[in-house]
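Comments concern the structure below.
Just so we're clear, the structure is a prediction, and the values are computed from it rather than from any experiment.
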Amino acid sequence: MEQGNIWVILNPTAGKGKAKKQCPKIDKILKESGRKYQIIQTQSPGHAIELIRNLSIDENDIVVAAGGDGTCNEVVNGLLSRKEKFSKPPVFGLLPIGRGNDFSSTPNLPLNIDDAIKIILNGNIRPLDAGIVKGGFFPDGRYFINGVGIGFDTKVGFEAAKMKIKSGFSYMIGALKMLARFEMSPLIQIKYDNREETLHAILVSVVNGRRMGGSFYMGPNAILDDGLLDICYVKHPAKRSYLLKIFSHYTKGTQSQCDGVFMSRGLKFKLRALEGSMAVHCDGETVCFEGKELEIECIPGALRFAGF
């Protein structure tokens, strides 16, 4: 692959402000590499999308998200929503210096900044699938590379966002609050490929990556370049204690061992709330609070990834 420029889109607020402190080190390593590069710091939520849409990049350039999962999602959306189309998919890189770094766990990217940059520089490029979700605040679609959460985990995220402490601990507290409420789940019709299911689903995950929420393996068998998305959906259990048991399995990725948990793969998904409504997030970005219909589709090989 011909060497192009490296564009680092760095979110200075990622990792509770720790990402900004990494900027001089990133600059030093890239300067010593002899590669052409530019580091651009974002100024507000959504800024990375607009930045990338307006960058003068070509198909050999690498656009790197330096931050957490939110930064990662914005960079992906910027790349996939650019007007001009290249003969090859854009090259995406990642420096996982955020708080959760869920997506980076699937390709097993190192959290050490020196090692992470070396991976980007070594020229190993592979296809990377993406997904697009349509509904709620994004009727025209929002791209993702990690996953879409519907129901319990999304509401847990809403609870965690209210807390002053922003960490995996806040997510656990949010989960305990939702367990205590044990609200009735919506009746959801799920259609994908040649299958159809209708159930009171307390949780539905449609994922490209394996982990969300810091320590929960929503798609433990997901593969980043298989051209499919993994789905895991959970029937509302009769008892709160059994839901707690299921979620203890999620931390190990063994939830398929539990009754009422269903796992599969597919290319296109349609979900409709026949009773109640769906709370939905996409890579942590709120899609809707009380949605009724949702479409999710895999885009095989949408990007090239410098990192696994």
Side-chain angles (χ1 to χ4, degrees), residues 1 3-15 18-23 25-27 29-30 33 35 37-42 45 47-49 51-52 55 57 59-82 89-131 142-147 207-214 219 222-225 282-285 299 301-308:
M1 174 180 169
Q3 287 190 347
N5 294 337
I6 296 175
W7 305 85
V8 178
I9 310 300
L10 187 141
N11 177 5
T13 66
K18 293 180 181 179
K20 187 174 183 179
K21 297 178 182 178
Q22 297 277 21
C23 195
K25 189 171 188 179
I26 296 170
D27 183 65
I29 296 171
L30 289 176
S33 75
R35 295 283 294 272
Y37 70 95
Q38 185 172 345
I39 300 172
I40 307 173
Q41 295 192 30
T42 59
H47 187 210
I49 296 176
L51 274 175
I52 293 167
L55 284 180
I57 64 174
E59 63 184 29
N60 293 312
D61 290 352
I62 302 175
V63 181
V64 178
D69 293 308
T71 310
C72 186
N73 180 265
E74 287 195 16
V75 169
V76 166
N77 273 273
L79 286 171
L80 295 180
S81 63
R82 285 173 64 94
V91 183
F92 167 71
L94 175 60
L95 297 178
I97 52 177
R99 179 165 53 92
N101 302 313
D102 282 319
F103 172 74
S104 68
S105 68
T106 301
N108 198 29
L109 292 182
L111 299 180
N112 178 282
I113 198 72
D114 299 76
D115 294 335
I117 294 176
K118 285 178 183 176
I119 287 175
I120 291 170
L121 293 173
N122 73 10
N124 184 23
I125 307 294
R126 290 182 58 182
L128 173 63
D129 299 337
R142 177 87 176 191
Y143 297 101
F144 65 91
I145 56 171
N146 201 34
V207 298
N208 188 47
R210 295 175 185 167
R211 194 183 80 188
M212 291 196 287
I223 301 170
L224 294 174
D225 58 353
C282 159
D283 286 357
E285 179 77 23
I299 309 172
L303 297 164
R304 289 178 290 157
F305 187 43
F308 75 109

Counting distance only, does the side-chain N/O of D69 pair as donor-acceptor with the main-chain N or O of F103 below 3.5 Å?
yes
Given 3.5 Å as the limit, does a donor-acceptor pair link the side chain of R210 with the main chain of D102, or not?
no
Give me the atom names and distance for the closest heavy-atom approach of I125 to A306.
CD1-CB, 3.6 Å
Do L303 and I145 have side chains that get closer than 4.5 Å, going by heavy atoms?
yes
Does Y37 use its side chain to pair, donor to acceptor, with the backbone of D27 at less than 3.5 Å?
yes
I need the I97 CD1 to L111 CG distance, nearest 0.5 Å.
11.0 Å
Evaluate side-chain contact (heavy atoms from CB on, under 4.5 Å) for Q3 paired with N60, printing each intermediate quantity in order.
CA-CA 6 Å; Q3 287 190 347; N60 293 312; over 6 Å; no
Heavy atoms, side chains only, cut-off 4.5 Å: are P107 and L224 in contact?
yes
Is N101 reaching over with its side chain to a backbone N or O of G98, donor-acceptor style, under 3.5 angstrom?
yes
Do K25 and D114 sit within salt-bridge range, that is, some charged N less than 4.0 Å from a carboxylate O?
yes
Between R304 and E59 (side chain of the first, backbone of the second, donor and acceptor by atom type, cut-off under 3.5 Å), is there such a pair?
yes
Hey, are the side chains of V64 and I9 touching, using non-hydrogen atoms and a 4.5 Å cut-off?
no
Would you mind reporting whether L128 and N208 have side-chain heavy atoms less than 4.5 Å apart?
yes
Of all heavy-atom pairs linking A302 and P90, the shortest is O-CD, 3.9 Å
Using modelled atom types and a 3.5 Å cut-off, is there a donor and acceptor pairing between side-chain atoms of N11 and backbone atoms of G68?
no
Taking the side chain from N77 and the backbone from Y143, do they hold a donor-acceptor pair closer than 3.5 Å?
yes
Verify the distance criterion only: is there a donor paired with an acceptor across the side chains of N73 and R142 at less than 3.5 Å?
yes
Output for pair (F305 CZ, I62 CD1), nearest 0.5 Å, gives 11.0 Å
Is there side-chain contact between I119 and D115, with heavy atoms separated by less than 4.5 Å?
no
Chi angles and distances behind the side-chain contact (heavy atoms from CB on, under 4.5 Å) call for I40, V8
CA-CA 6 Å; I40 307 173; V8 178; over 6 Å; no
Mind running side-chain contact (heavy atoms from CB on, under 4.5 Å) on W7 and Q38 for me, showing each step along the way?
CA-CA 5 Å; W7 305 85; Q38 185 172 345; 3.3 Å; yes
Given 3.5 Å as the limit, does a donor-acceptor pair link the side chain of R99 with the main chain of G214, or not?
no
For the residue pair L109 and P96, what are the closest heavy atoms and their distance?
CB-CG, 4.4 Å
With rounding to the nearest 0.5 angstrom, report the CG to CD1 distance, L94 to I120.
7.0 Å
Looking at every heavy atom in both P12 and T42, which two are closest together, and how far apart are they?
CD-O, 3.4 Å
Please examine the side chains of F92 and C72, heavy atoms only from C-beta on, and report whether any two atoms are closer than 4.5 Å.
yes
Is the closest side-chain heavy-atom distance between I52 and V75 below 4.5 Å?
yes
Closest heavy-atom pair and its distance - L10, K20:
CD2-CA, 4.3 Å
Criterion side-chain contact (heavy atoms from CB on, under 4.5 Å) on N5 and I57, from CA distance to verdict
CA-CA 8 Å; N5 294 337; I57 64 174; over 6 Å; no
Straight-line distance of L121 CG to R35 CZ, nearest 0.5 Å:
6.0 Å
Rounded distance (nearest 0.5 Å) linking atom NZ of K118 with atom CD1 of I113
12.0 Å
With heavy-atom distances below 4.5 Å as the criterion, would you say the side chains of L95 and I117 are in contact?
yes
Identify the two heavy atoms, one from E74 and one from I49, that lie closest to each other, and give their separation to 0.1 Å.
O-CG1, 3.3 Å
